[in-house]
Amino acid sequence: MASNKEFEGPASSEEYVEDYNELIHVRREKLDELRNSGVEPFGRKFNAANYSEQIVNNFEEYEGKYVSVAGRIMAKRGHGKASFANLQDAEGYIQIYARLNDMGEENYEIFKSLDMGDIVGVEGTVFKTKKGEVTVAIEKLTILAKSLRPLPEKWHGLKDVDLRYRQRYMDLVVNPEVRQTFILRSKVIQFIRNFLVEKDFLEVETPMMHPIPGGAAARPFITYHNTLDMDLYLRIAPELYLKRLIVGGFEKVFEINRNFRNEGISTKHNPEFTMLELYQAYADYDDMMKLTEELVTLAAEQVLGEAQLCFQGTEISFNTPWEKIPMLEAVKRFSGLDFNILKSDNEVRNAAKELGLEVDDNDTWGMVLDKVFEEKVEPNLIQPTFIVDYPIEISPLAKKKEEEPGLTYRFELFINGWEMANAFSELNDPIDQKERFLSQLKKRDAGDDEAHMMDEDYINALEYGMPPAGGLGIGIDRLIMLFTNSASIRDVILFPLMRPKD
RNA sequence: GAGCCAUUAGCUCAGUUGGCAGAGCACCUGACUUUUAAUCAGGGUGUCCCAGGUUCGAGCCCUGGAUGGCUCACCA
């Protein structure tokens, strides 16, 4: 297997060429001038006692008070012997005012030399200008970091999507809505943590590097450990490790972390993405449905203020209870095909072909059902909808239904036509599980490199006895996309994967 | 992986029929002591993504390539 044993790093020192234009040149000169006049342009520390918005929103309280703020110069308006600038900090921005008479010539010259993007600390008193803007009159100015590159344009911001993703730091500086997206993302994840911890779930961390990748049908990334001289796989799902913990006696566990899948990139797929997975002993998939409903609805209420939102023009309501449709019924409703009547592999293959779908001659009843579902049903599931009872062939880790052994106690949640969650009553019969793995291996032998591998140790764990359990996975990035009205998954991932520019 | 589109100054963008490379912001010089997309006067700072080709002449046309976006494929 191909491993990255031959690591080629970035350019060597000889190959490195500095990019250097007029604007950078000017700032480097200003840097030198500051140093020559005894001012250190890169500070060590500054005790900012106040935040911009706190002062702006509580002017009466702060008027005439001495405050200290720190941040980035985002706009400058010089007037000869007096100047204004906007200082942007973590909360917003506040105007600062420099006056020759108050600061003295030397300090005023330093203020005048400031560039957009410079990071400064300001101490002074709060007042309101004639035009009514809350402002800090500078008494002391400290340069904390000289900015050596020009900022993107103040009015249009940074629009080039390529640059925004590659240089997210600049995107965050100049596009305030981007900052809001990631603050909201953090709030949602924080909410989920609190929600689960309050329900006595234990947050755990399981391996990212797996000797055998499992828990999902996906192609893994391969990496290599030098000392052990072995290939390892970046995990495609934490599932099998989390269930080992249920075997071990933890009754409620969850993990919020990255999965890695070596597959196509799209507006809904990033090679690394964040999943919530949780497992609850002695529960089943009905409990998982209730939990999912509660978690998503409360997250929306808590973070958005209401249990509904508008995504790219589509109104979505989280009002419970959400619709619950058996997969067979959903397929019948949207495609007209009744898989209760069409029983043989051959019958369903022909029926699917008549609908214009591409089916493989090896596709079984359940696989065809899944294909028809994806094609004909998924795009219609706009409001939160649970699709329940998936076929066994595509659910190798789910418990089979007692009365319908071709189906499993599994559901997926769809919102806006996207798969948002996947859950089931976990298969805890080790003999059945081993057979499922064996049939997955047959698929691998037939060329399906996304089929599960045999995980002997996982079977071993089940053989000691795993309590019946409900398991749930929620795609966090897609949830955040909905909550932040982001059309692309890259807009909710701080540093999405990009090809190197050269 | 395929199709379509994009790539021009630090940023946002124009660029006509193939005929001297443009604007706004930013930047530089000067004026201005409550401005706020500050204003006023002056200054264009460029590997037109890269490499070839056609042409008297290419930002523009052709071929190949790079990166990105969208759609499709892939991806439960």
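Below, chains carry the letters A, B, ... as their sequence lines are ordered, and counting in each starts from 1. All values derive from a computational prediction rather than experimental measurement. Computed over heavy atoms, backbone and side chain alike; hydrogens, waters and symmetry mates excluded.
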Summarise protein proximity over nucleotides 4-10 of chain B in one line of letters, 5' to 3': B for base, S for sugar-phosphate only, - for none, counting protein heavy atoms closer than 4.0 Å.
-> ------B
Secondary-structure stems for RNA chain B, with pairs counted as Watson-Crick or G-U when both distances are under 3.5 Å and runs at least 3 long =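 So the stems come out as B:1-7 with B:66-72, B:10-13 with B:22-25, B:27-31 with B:39-43, B:49-53 with B:61-65.
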With P as the reference atom in both, quote the distance from B/A76 to B/G59 in angstrom, rounded to an integer.
-> 48 Å
Pairwise C1' distance, B/G44 and B/U8 [rounded to whole Å] = 14 Å
Is it true that the NZ or CZ of A/R410 lies under 6.0 Å from the centre of A/Y390's six-membered ring and within 45 degrees of the ring axis?
-> yes
For the pair A/K371 and A/E375, find out whether any cationic side-chain nitrogen is under 4.0 Å from an anionic carboxylate oxygen.
->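 Salt bridge flag = no for A/E375 with A/K371.
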Report yes if a side-chain nitrogen or oxygen of A/K154 is closer than 4.0 Å to either non-bridging phosphate oxygen (OP1 or OP2) of B/G24; otherwise report no.
->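 For B/G24, OP1/OP2 do not have a side-chain N/O of A/K154 under 4.0 Å.
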Respond yes when some side-chain nitrogen or oxygen of A/R99 is under 4.0 Å from OP1 or OP2 of B/U33, and no when none is.
->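 Looking at the OP1 and OP2 atoms of B/U33, neither is under 4.0 Å from any side-chain N or O of A/R99.
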The residue among A/T125, A/V126, A/V122 that forms side-chain contact (heavy atoms from CB on, under 4.5 Å) with A/V67 is A/V126
Contacts of type side-chain hydrogen bond (donor to acceptor under 3.5 Å, both in side chains), residue [X], not counting sequence neighbours:
X: A/E133; result: none
X: A/K400; result: none
X: A/S147; result: A/R27

Does any residue of residues 127-139 of chain A have a heavy atom under 4.0 Å from RNA chain B, and if so, which ones, in number order?
-> A/F127, A/T129, A/K130, A/K131, A/E133
Between the side-chain atoms of A/N101 and the base atoms of B/U33, is any donor-acceptor pair under 3.5 Å?
->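 Present.
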